[in-house]
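Scroll down for the structure; my scribbles are underneath it.
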Amino acid sequence: MEKKREWWKDSLVYQIYPRSFQDSNGDGIGDLNGIRQRLSYLKDLGVDVIWLSPVYQSPNDDNGYDISDYQAIMEEFGTMEDFDALLGEIHGLGMKLVMDLVVNHTSDEHPWFQESRRSRENPYRDYYIWKEPKAGGMPNNWASRFRGPAWTRDEDTGMYYLHIFSRKQPDLNWENPQVRKKIYEMMAWWGNKGIDGFRMDVISMLSKDPAYPDGELKEGNPYGDGQPYYANGPRIHEFLKEMNREVLSRFDWMTVGEGVGVGTKEALEYAGFDSGELNMMFHFEHMELCPGPYGKWNTNPVDLVQLKAVLSCWQQELEDRAWNSLFWENHDYPRAVSRFGNDSPKYRELSAKMLAICLYLMKGTPYVYQGQELAMTNCGFDRLEDFRDIEIHQVYEEMVGGGKLSHEEMMGYIRHTGRDNARTPMQWEDSPNGGFTEGTPWIPVNENYRTIHAREQMGREDSVYAFYQKLFRLRKASRVVREGTYRLLLPEHPGLFVYEREGEGEKMLVACNFTSDRQELKVPGWPWQEAKLWLGNYGSESDMAGLRPYEGAAWIKG
Ligand code: GLC
Ligand code: CA
């Protein structure tokens, strides 16, 4: 049974990708002091918790997800004093700070790896995963998640090390108790500084199948899919229970695990109310719908019937047993309005508000990614050189360099699903570079910053920003939204997402039109006569008989 209500259940979490949030010193790179300048903006929006993507010392092969010192701040982002000041100011405003924990791998420039690669006998050798070549080749056929092989040969010792991501991100060996102890100590060190929790990067991947079997070969990739052998591995729950005992349980933290390969069944094991592991999981089932022959590299529209099925399954399966994370965007996915809504000038704002109604009136902790509250759009870059993401460049090299796809085809895919879509600088105002920097931004600002920016939206009552503010204010005050049960209606309807929430004598109907056509709304048996409009994106006059293009509305009967 669920125990007393924890603070993180009712919190609005806002993710900051620091490199692209606010630059304070003109070097074109967002930094900690830049974030400090914008805290009141977050407070006004209604944010309770900031999740900060990694700010640790890093050579930035993967923008901070390759850490070379867990207890130092990346020079480009500032100093530890800046960090302490930021944390103090966040707390001073009554908000909390959740850090990113990247412990599946380190940077290859981390001193542990530098030692580890020195010799087979080095005391740090076993901190990482080293294997002998098999029949003259790699230890197995696993693909890196950034394309290419997951193994790199080290010339000095002739062995291969595992890196599920880039070759500069060697995987730590969690089988080694010394590694685990060091990580827990580091976490407690941050805990003693006063942070409020961790978002745990690819946490489902810590335990690997010790047999390291070859992965299935799939169309479009010369390397095998190792995910079944490194996601949800044999010792993962043992490790997380240990982590919980050793550190998590000592702090009043929020913990959210990034759940690669995690479905509802697994989520209940990681984050069931009684699992003694994490508070919640961040799953990707709704983000990875409708893949093409090259996986995420496609331009397929998302099928609404499938989207409804997935999100509803999570709502239902976790009911009374675990807690959901509600998100449309993060730093690894395209902009929601471009992907699930309609980013044309006519429908951008309407569809962004509709998406907010659709997701954030479900049960769980809401997450907003920077710029989402402005309905920032995909980047639209035409030139490969404008993209910075290592994943994009590696996949381009493999696909176009390898002759599988044309330049145009691949660019189309990158513009549709590439990670840099979410990484262009925050658009604060219409001054050059959107007010993000006075220098040259590390990645170009989206050209539409002159019309889409925070200052304009903060001064306009019907802006997306104002709508987010209002939605989260209403959400906090509504028991049926925070606690009610969920039931999907019209599951087969191809254009409408309709569901009902119910609890404490209240009933809410949420209906969203994902199309640019008017859709009739027929929900037999719903007590329309007694219901009133609670929130809608067309203003107050919503019509219960039909939904206009991209209309989203919620009615309540209580
Ligand atoms: C996670 C991060 C992603 C990063 C990867 C490797 O998926 O969200 O940005 O590239 O882990 O750390
Ligand atoms: Ca800077």
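For ligands, and for the atoms within them, numbers begin at 1 and follow the listed sequence. Nothing here was measured: the structure is a model prediction, and the numbers come from that model.
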N/O contact list for ligand 1, threshold under 3.5 Å:
{"residue": "ligand 1", "atom": "7 (O)", "partner": "Glu258", "partner atom": "OE1", "Å": "3.2"}
{"residue": "ligand 1", "atom": "7 (O)", "partner": "Glu258", "partner atom": "OE2", "Å": "3.0"}
{"residue": "ligand 1", "atom": "8 (O)", "partner": "Arg199", "partner atom": "NH2", "Å": "3.1"}
{"residue": "ligand 1", "atom": "8 (O)", "partner": "His331", "partner atom": "NE2", "Å": "2.8"}
{"residue": "ligand 1", "atom": "8 (O)", "partner": "Asp332", "partner atom": "OD2", "Å": "2.5"}
{"residue": "ligand 1", "atom": "9 (O)", "partner": "His331", "partner atom": "NE2", "Å": "2.9"}
{"residue": "ligand 1", "atom": "9 (O)", "partner": "Asp332", "partner atom": "OD1", "Å": "2.7"}
{"residue": "ligand 1", "atom": "9 (O)", "partner": "Asp332", "partner atom": "OD2", "Å": "3.4"}
{"residue": "ligand 1", "atom": "9 (O)", "partner": "Arg419", "partner atom": "NH1", "Å": "3.3"}
{"residue": "ligand 1", "atom": "10 (O)", "partner": "Asp62", "partner atom": "OD1", "Å": "3.4"}
{"residue": "ligand 1", "atom": "10 (O)", "partner": "Asp62", "partner atom": "OD2", "Å": "2.5"}
{"residue": "ligand 1", "atom": "10 (O)", "partner": "Arg419", "partner atom": "NH1", "Å": "2.9"}
{"residue": "ligand 1", "atom": "11 (O)", "partner": "Asp201", "partner atom": "OD1", "Å": "2.9"}
{"residue": "ligand 1", "atom": "11 (O)", "partner": "Asp201", "partner atom": "OD2", "Å": "3.0"}
{"residue": "ligand 1", "atom": "12 (O)", "partner": "His105", "partner atom": "NE2", "Å": "2.9"}
{"residue": "ligand 1", "atom": "12 (O)", "partner": "Asp201", "partner atom": "OD2", "Å": "2.8"}

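Looking at Asn173 and Trp130, their side chains never bring a donor and an acceptor atom within 3.5 Å of each other.
A cation-pi arrangement is absent between Arg235 and Trp174 under the rule of less than 6.0 angstrom and at most 45 degrees off the ring axis. For Lys96 and Trp7, the positive end sits near the middle of the six-membered ring, less than 6.0 Å away and at most 45° from its axis.
The residue from Tyr360, Tyr369, Phe340, Phe282 that alone fulfils the ring-ring contact (aromatic ring centres under 6.0 Å, His included) condition with Phe327 is Phe282.
Below 30°, between 30° and 60°, or above 60°: for Trp442 and Tyr17 the angle between ring planes is between 30° and 60°, a tilted geometry.
Not counting sequence neighbours, the partners of Glu317 by the side chain to side chain contact (heavy atoms under 4.5 Å, CB included) test are Thr264, Cys313, Arg321. By the salt bridge (Lys or Arg N to Asp or Glu O under 4.0 Å) test, Glu258 pairs with Arg199, sequence neighbours left out.
Aromatic pair Tyr270/His283: centroids not less than 6.0 angstrom apart.
We find that Asp62 and Arg419 are joined by a salt bridge, their nearest charged nitrogen and carboxylate oxygen being less than 4.0 Å apart.
Of all protein atoms, those that are N, O or S and lie under 3.0 Å from the Ca ion (ligand 2) total 5.
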